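All residue numbers refer to positions in the sequence shown, counting from 1. Keep in mind the model is a prediction, meaning the values are calculated, not measured.
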Amino acid sequence: MSRSLRPLRLAAALLVASWTATSARADDMPVIKVEMRDGVILPAVIEVPANTRFKLEISNTGQSPVEFESTELKREKALAAGSTSAIVFRTLDPGTYQVFDDFHPEAKATLVAK
């Protein structure tokens with residue numbers, strides 16, 4: 001192998017190792033599923049791990065758009081009918097946080113980090 005190709009091969013190996021480590025970390029992340037459906041958020045109490053990176057997977061199983069929102073958490077995610085999306089939280093302090101559907105004001109839930 002020529003000396004000029006060594007840095008390229010090293011960079012490629014580092015890139016693959018980095019991608020593999022990131023992929024493994026994403027697979028280890030807890031995934032909490034939430035369903036939103038035309039004015040209802042299920043479960044009404046969403047339990048998540050405190051001080052741990054996690055993914056909140058939100059599915060809109062209803063016929064109208066929804067918007068998962070929390071003023072306290074400074075997060076929001078709008079979803080069309082029949083779609084699924086996710087919000088990744090780096091960490092969350094232990095506590096109780098209110099969430100709601102901005103398109104359906106009667107739809108409320110509590111997110112509990114413990």
Side-chain angles (χ1 to χ4, degrees):
M1 168 184 352
S2 73
R3 290 182 187 252
S4 62
L5 289 179
R6 284 185 184 162
L8 281 175
R9 290 201 179 202
L10 178 61
L14 289 173
L15 183 62
V16 167
S18 170
W19 178 80
T20 302
T22 301
S23 180
R25 246 183 315 174
D27 291 341
D28 293 340
M29 185 184 336
V31 177
I32 291 79
K33 297 185 180 218
V34 174
E35 178 185 355
M36 298 182 75
R37 181 180 62 237
D38 301 319
V40 177
I41 302 173
L42 298 170
V45 177
I46 306 161
E47 293 187 5
V48 300
N51 303 315
T52 303
R53 184 180 168 109
F54 68 91
K55 182 190 298 186
L56 197 64
E57 185 178 281
I58 307 160
S59 296
N60 179 1
T61 60
Q63 300 299 310
S64 61
V66 298
E67 183 173 4
F68 179 91
E69 187 164 348
S70 174
T71 308
E72 297 166 291
L73 296 171
K74 297 182 175 101
R75 299 292 179 102
E76 59 185 301
K77 178 69 82 171
L79 290 96
S83 65
T84 298
S85 189
I87 303 172
V88 174
F89 289 82
R90 291 183 188 266
T91 61
L92 197 56
D93 290 333
T96 301
Y97 306 89
Q98 300 306 308
V99 298
F100 59 96
D101 179 351
D102 203 24
F103 297 151
H104 303 91
E106 70 281 3
K108 296 178 180 7
T110 304
L111 189 139
V112 179
K114 55 181 175 177

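- Between the side chain of S70 and the backbone N or O of Q98, at least one donor-acceptor pair lies under 3.5 Å.
- When the shell of 6.0 Å around CD of E106 is examined, it contains more than 12 heavy atoms from other residues, nucleotides or ligands.
- Relative to the six-membered ring of F68, R75 misses at least one condition, a distance below 6.0 Å or an angle of at most 45° to the axis.
- Partners of D102 by side-chain hydrogen bond (donor to acceptor under 3.5 Å, both in side chains), not counting sequence neighbours: none found.
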*Carefully, step by step, assess F54 and I32 under the rule side chain to side chain contact (heavy atoms under 4.5 Å, CB included).*
CA-CA 8 Å; F54 68 91; I32 291 79; 3.9 Å; yes
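- K74 places no side-chain N or O within donor-acceptor distance of the main-chain N or O of T71, the cut-off being under 3.5 Å.
- Using a 4.5 Å heavy-atom threshold, the side chains of Q63 and D38 count as touching.
- S85 has its side chain within reach of K77: a pair of non-hydrogen atoms, C-beta onward, lies under 4.5 Å apart.
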*Given the rule in the side chain to side chain contact (heavy atoms under 4.5 Å, CB included) test, do L111 and L56 qualify, once you have shown the distances and angles that lead to the verdict?*
CA-CA 11 Å; L111 189 139; L56 197 64; 4.2 Å; yes
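- Using a 4.5 Å cut-off on side-chain heavy atoms (C-beta onward), T61 and M36 make no contact.
- In this structure, L73 and F89 have side chains that are in contact, with non-hydrogen atoms separated by less than 4.5 Å.
- Side-chain contact, E35 with S59: no donor N or O sits under 3.5 Å from an acceptor N or O.
- Qualifying side-chain hydrogen bond (donor to acceptor under 3.5 Å, both in side chains) partners for E57, counting only residues two or more places apart in sequence or in other chains: K33.
- Put simply, the side chain of D101 does not reach to within 4.5 Å of the side chain of E69, judged on heavy atoms.
- In this structure, the side chains of M29 and V88 come closer than 4.5 Å at one or more pairs of heavy atoms.
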Would you mind writing out the side-chain donor-acceptor pairs for residues 41-53 within the sub-3.5 Å range, not counting sequence neighbours?
residue	atom	partner	partner atom	Å
T52	OG1	A50	O	3.1

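- A donor-acceptor contact shorter than 3.5 Å links the side chain of N60 to the backbone of A80.
- V34 and V112 sit in two unconnected hydrophobic clusters of ILVMFWY residues. Membership requires side-chain heavy atoms under 4.5 Å apart, directly or through other members.
- One hydrophobic cluster, built from ILVMFWY side chains closer than 4.5 Å, holds both I87 and Y97.
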